J.: 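Sharing a structure with you now.
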Amino acid sequence: MTAYRDTYVGDLDADAAGKTVTIAGWASRIRDQGGVAFVDVRDASGLVQVVIAPDEVPELADVARNLRREYCVKILGEVRARPAGTENLDLPTGAIEIAAKTVEVLSTSQPLPFQLDDAVETDELVRLQYRYLDLRRDRMAANLKARSRVVAAIHHNLDSAGFMEVETPTLIKSTPEGARDVLVPSRHRQGHFYALPQSPQLFKQLLMVAGVDRYYQIARCYRDEDFRADRQIEFTQLDLEGSFWGQDEVLATIEAVVSDAVEAVRSAPLDLPLARMTYQDAMDRFGSDKPDLRFGMEITELSEVFAGSEFKAFASVVEGGGVVRAINIGASETSRSHLDGIIDRAKELGAKGLVWMVIEEGGEVRSPIAKFLEASELASITIAMDAGIGDVLLLVADESREASEVLGQLRLDHGRPAGHENLSFLWVTDFPVFDVTPDGGLVPAHHPFTSPRSVEELRESPETAVANAYDLVVNGVELGSGSVRIHDPAVQQEVFDILGIAPEEAHQRFGWFLEALRYGTPPHAGFAFGIDRLVSVLQNEPNIREVMPFPKTQTGLDPLTSSPSLVTAEQLAELGIELHPEVRETLEAHPAE
RNA sequence: GGGGGCGUGGUGAAGCCAGGAGUUCACGCCGGCCUGUCAAGCCGGAGGUCGCGGGUUCAAAUCCCGUCGUCCCCGCCA
């Protein structure tokens, strides 16, 4: 095939016996028996055992002694069946071995900073510092491969379905809405800044105006918010939009794409169509707009039981328009300290308090508030909660939204399966236009180009108005969201107005976009989902860094290249930028950082 | 912005609560032995400013304060 090899080791099996091959790869492990020696050679396709036998090839006598792990080698030899009894069933190529005739070291390796096998976990900072070595490990190589397959499946599906891939700019206009922008200073226009896109949202809508009809892009996106296991400053989305479309077309398209992507990694497609649930239903039953449906533990309404009870703390909440709700987390630890820990967690989540109940042997209810409740009230609770002996119930009294969200999180704390062996996809539909803040204020739940189900509804009762917006969820992970867009400039203007964006302000920020809508904009709708999140779930990884080749740490550092870094005074001067004195002082105090 | 975990030879961990000589274990590394191993085995060896700074103490990896880094979570993420 090339001057370096004619065979990938992963292609070798019993049928290859007798062939003379040339392979190239890395010496993964060397087992020197004093005479005969075995070298596991790894290439991108797999691993094969090479035998170095001095009694057969005398000139190789010292070769094994001078080999070290991760030396890059080229080996010519004959494939042969392993002697009976020495086959390795754990290895795909374990039926055969390569008897080396020549061994050429293409490149030596220093001792590694960490081991590439899974014998010991390695600190992630060290892994990232030597990411090029980390990526040689089976786990990471498999993740890269899975990611490539997912992306290939997406391209194949959408290309076949008539979508056009269009690139949009990555140096764009900053808009203050949403996440913090990553800014890039302009040299030609000092004091002016580009932003890196949080998503290609407005450009893809312009493409609809442009008549592209069906657009998609595997797009890099940037959001300068704090890092999490599922969030990095830069990440990748499948971005997609179609003209003369509504929600049904978007969902069907995304379902087909995701199913193909899943099949590419998990070998089986999804059962379509995927389950759907309204936002209201998800919040009421699971206390989350991204419920994990792999387990039950649904939220139960107990307001009626407490409305007239002697436990005044709860009764008064109900009287004041609040609710009492609970989950049954099943048989679990019932020690006082553990239950107190749950109370602390509930407070961290914003609950005013939490009451636990334990169903004891014999059906007695142990709880700090048991003495305030009638036997009939306790019975109502255990029946409503379907509580059996040993079960632990967690009760929260609060405003409806707060109570549900706290219980939703506690539900995850106590019920969520580890990992992602099974996949439970779900559409959440009918999102509200606004989120209501604790003090009663309204903040847009989506970008302001999302079409409301009805403009009249939006105008008359904005707090309950429903948007044509939908999210895709898998195992409690929000993969992405989309909506039917506004295509009528008059509606767009009105929505800006209701969202509290003044006409002049809207014109200043989005005038160019409103102008575009005035030229025969087709009805359109779309979606975007995170490739990193999807692949991390499919690969059963705990965070998206494991499926990104070169991710950053929680403080935005790339330990491999040490970016971000200082730049020269000249570079700053060209941009008309000067560091703030406080920043300079800090830098002088810590010159190494 | 806040809460929590972690930081000990190249890697991973134990030691810390209850202060007493850089102690231990596994892997790796170097050398020797070994002709069918496959996480090879056996023998020997090297390798550490216990993240950094300060404090308490006769004495600090261990206790206290600060700081840096990292991971998880809350906030934030239209």
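These numbers come from a predicted model, not from an experiment. Chain letters run A, B, ... following the sequence lines, proteins first, then strands; residues in each count from 1.
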J.: Suppose you measure atom P in B:G4 against the same atom in B:G66; what distance do you get, rounded to whole Å?
T.: 12 Å
J.: Looking at A:Phe295, I'd like to know if the NZ or CZ of A:Arg411 sits under 6.0 Å from its six-membered ring centre while staying within 45 degrees of the ring's axis.
T.: yes
J.: When you measure from the side chain of A:Pro83, which nucleotide among B:G69, B:C74, B:G36 comes out closest?
T.: B:G36
J.: Which nucleotide sits closest to the side chain of A:Arg223: B:U35, B:C77, B:G69?
T.: B:C77
J.: For A:Glu87, report the nucleic acid contact type (base, sugar-phosphate, nothing); a contact means any heavy atom under 4.0 Å.
T.: base
J.: So which nucleotide from B:C29, B:U37, B:C73 ends up closest to the side chain of A:Arg345?
T.: B:C73
J.: Base, sugar-phosphate, or nothing for A:Arg68, non-hydrogen atoms under 4.0 angstrom?
T.: sugar-phosphate
J.: Can you check the A:Asn543 CG to B:U70 P distance for me, whole Å?
T.: 15 Å
J.: Side chain of A:Thr555 only, please: which of B:G75, B:U70, B:A78 is the nearest?
T.: B:U70
J.: Using Watson-Crick or G-U wobble geometry with both distances below 3.5 Å, tell me the partner of B:G53, or none.
T.: B:C65
J.: Within the 4.0 Å limit for protein heavy atoms, which parts of nucleotides 2-16 of chain B are touched? Write it as a string from 5' to 3', B for base, S for sugar-phosphate only, - for none.
T.: --------BSS----
J.: When the distance from CG of A:Leu67 to P of B:U37 is rounded to whole Å, what number comes out?
T.: 20 Å
J.: Name the closest nucleotide to the A:Gln554 side chain, picking from B:C72, B:C29, B:G1.
T.: B:C72
J.: For the side chain of A:Arg29 and the base of B:C38, is some donor closer than 3.5 Å to an acceptor across the two?
T.: no
J.: Relative to the ring of A:Phe449, is the ring of A:Phe496 parallel (under 30°), tilted (30 to 60°) or perpendicular (over 60°)?
T.: perpendicular
J.: Looking at A:Thr553, does any N or O in its side chain come under 4.0 Å of the phosphate oxygens OP1/OP2 on B:G69?
T.: no
J.: Kindly say whether, by distance alone, the side chain of A:Arg80 makes a donor-acceptor pair under 3.5 Å with the base of B:G36?
T.: yes
J.: Would you say A:Arg31 places a side-chain N or O within less than 4.0 Å of OP1 or OP2 belonging to B:U37?
T.: no
J.: Kindly point out which of B:A78, B:C76, B:G36 is positioned nearest to the side chain of A:His446?
T.: B:A78
J.: Mind checking the C1' distance from B:G22 to B:A14? Whole angstroms is fine.
T.: 14 Å
J.: So for A:Asp226 and B:C76, does any side-chain atom that can act as donor or acceptor lie under 3.5 Å from a complementary atom in the base?
T.: no
J.: Considering only heavy atoms and no angle criterion, is a donor-acceptor pair shorter than 3.5 Å present between the side chain of A:Arg228 and the base of B:C71?
T.: no
J.: Counting side-chain heavy atoms from C-beta on, which of B:C76, B:U37, B:C74 comes nearest to A:Gln409?
T.: B:C74
J.: Choose from B:G36, B:C76, B:G69 the nucleotide whose nearest atom is closest to any side-chain atom of A:Glu97.
T.: B:G36
J.: Using only modelled atom types and a 3.5 angstrom limit, is any donor from either the side chain of A:Arg545 or the base of B:C71 paired with an acceptor on the other?
T.: no
J.: The side chain of A:Asn88 is closest to which nucleotide in this list: B:G69, B:C38, B:A78?
T.: B:C38
J.: May I ask you to evaluate whether A:Arg69 reaches the phosphate of B:C29, defined as a side-chain N or O under 4.0 Å from OP1 or OP2?
T.: yes
J.: Remember a base hit wins even if backbone is also touched, and classify A:Leu557 as base, sugar-phosphate or nothing at under 4.0 Å, heavy atoms.
T.: sugar-phosphate
J.: Using the C1' atom in both, what is the distance from B:A61 to B:U49, to the nearest Å?
T.: 12 Å
J.: Looking for any heavy atom pair under 4.0 Å, which part of the strands does A:Ala445 touch: base, sugar-phosphate only, or nothing?
T.: sugar-phosphate
